[in-house]
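Quick note on labels: first sequence line is chain A, next is B, and so on, each numbered from 1.
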2 protein chains.
Amino acid sequence: MKMTPPPRDRADCRAVSEVLSRVGDKWTMQVVVALLDGPQRFNALKRQIGDISQQMLTRTLKTLERDGMVERTVCATTPPQVEYALSALGRSLSEPVRQMAQWARAHLPIIHDNRRRYDERH
Amino acid sequence: MKMTPPPRDRADCRAVSEVLSRVGDKWTMQVVVALLDGPQRFNALKRQIGDISQQMLTRTLKTLERDGMVERTVCATTPPQVEYALSALGRSLSEPVRQMAQWARAHLPIIHDNRRRYDERH
DNA sequence: CGGGATCCAGTAGGATACTG
DNA sequence: CAGTATCCTACTGGATCCCG
């Protein structure tokens, strides 16, 4: 069986880049992580995340739904209830994200330090 | 000793988000991967990546240098020669990126399919 | 050769007000 | 409660021309 090659191919680079820029926007990861605990309704999600506007939460959830990462369930009651849940695809993303999170925790202070020193020199 | 917890903390989410959006721009990953083979000069890098403008290559390299991910070496000859090399920090990033690349390869077709179907329904 | 300086279009992010 | 509609700002990506 074939081993998965390292990402040296141009198409691979673009694929990685596409995924990183897709999930690398300001709110996507925070929404995904908030949904890891289980399904959440809109305003509960909003409260948990904190300083996100309802506009940006709506947009982020819609994009995640479009990509098939979250599933949206509407109960036609009054008041309406809408539940958002991670799909299997969305949960599977949390694995590579966990790796990236470890790297971020380990190296982000160094990066910030590098930036500070660079800016002082220029 | 303490196990590294999953990225549920708010500060962690933001750290992940920051790294993902930082390296998730259009060219950063392609430059990093191009430099994995070894140090490269500016125009060699430009030729290898292909359709990047010299403007965007300059910006991307400068940001990577500022973060301490690449090291820039100038030989004051005529014509001037400038070599770019990945630092240890830059190379260490390639590990979580490899994980992300595998996920991208495995799931990007599904995502594109999901989008297509979503757009047809709306 | 390896950039810097400008200018420009498109998109992401956000504040606010309104609605079924 | 769960959005939509509008308007605005800032940043990203890019094209072009210039420079030592």
Student: If you compare every side-chain N and O of B:Y84 against the phosphate oxygens of C:dG3 (OP1, OP2), does one of them come in below 4.0 Å?
Tutor: yes
Student: For A:R47 and D:dG3, what is the distance between atoms CZ and P respectively, to the nearest whole Å?
Tutor: 14 Å
Student: Taking atom C1' of C:dC1 as reference, at what distance in whole Å does atom CG of B:L61 sit?
Tutor: 14 Å
Student: Rounded to the nearest Å, what distance is computed from the CG atom of residue A:L57 to the P atom of nucleotide C:dG13?
Tutor: 13 Å
Student: Locate the shortest heavy-atom distance separating B:D25 from A:S17; write the atom from each residue and the value.
Tutor: O-OG, 3.2 Å
Student: Scan residues 38-46 of chain B against DNA chain C and write down, sorted by residue number, each residue with any heavy atom closer than 4.0 Å; if none is found, say none.
Tutor: B:R41, B:F42, B:N43
Student: Just so I know, are the side chains of B:T58 and B:F42 near enough to count as touching, which here means a heavy-atom distance under 4.5 Å?
Tutor: yes
Student: In whole angstrom, what separates A:L64's CG from D:dG3's C1'?
Tutor: 17 Å
Student: Give the rounded distance in Å between these two atoms: CD of B:E65 and C1' of C:dG2.
Tutor: 13 Å
Student: May I have the step-by-step check of side-chain contact (heavy atoms from CB on, under 4.5 Å) for A:S92 and B:H107, ending in yes or no?
Tutor: CA-CA 9 Å; A:S92 78; B:H107 298 95; 3.7 Å; yes
Student: Apply the test side-chain contact (heavy atoms from CB on, under 4.5 Å) to residues A:Y84 and A:Q40: give CA-CA distance (whole Å), side-chain angles for both, the deciding distance (0.1 Å), then the verdict.
Tutor: CA-CA 5 Å; A:Y84 293 91; A:Q40 302 264 348; 5.7 Å; no
Student: So if I take every side-chain heavy atom of B:R72 and compare against C:dG4, D:dC1, C:dG2, which nucleotide ends up nearest?
Tutor: C:dG2
Student: In chain order, what residues pass the ring pair (Phe, Tyr, Trp, His ring centres under 6.0 Å) check against A:W27, with sequence neighbours excluded?
Tutor: none
Student: Measure across B:P79 and B:T77 and return the closest heavy-atom pair with its distance rounded to 0.1 Å.
Tutor: O-OG1, 2.8 Å
Student: What does the B/S/- profile of nucleotides 7-15 of chain D look like, 5' to 3', with a 4.0 Å heavy-atom cutoff to protein?
Tutor: ------BBB
Student: Are the charged groups of B:R115 and A:E18 less than 4.0 angstrom apart, N to O?
Tutor: yes
Student: What is the distance, to the nearest angstrom, from the NZ atom on A:K62 to the P atom on D:dG3?
Tutor: 8 Å
Student: Between A:I49 (CD1) and C:dG13 (P), how many Å, whole number?
Tutor: 13 Å
Student: Side chains of A:M100 and A:M29: does their closest heavy-atom pair fall under 4.5 Å?
Tutor: no
Student: Could you walk me through whether A:L57 and A:V31 pass the side-chain contact (heavy atoms from CB on, under 4.5 Å) test, one step at a time?
Tutor: CA-CA 8 Å; A:L57 183 52; A:V31 171; 4.0 Å; yes
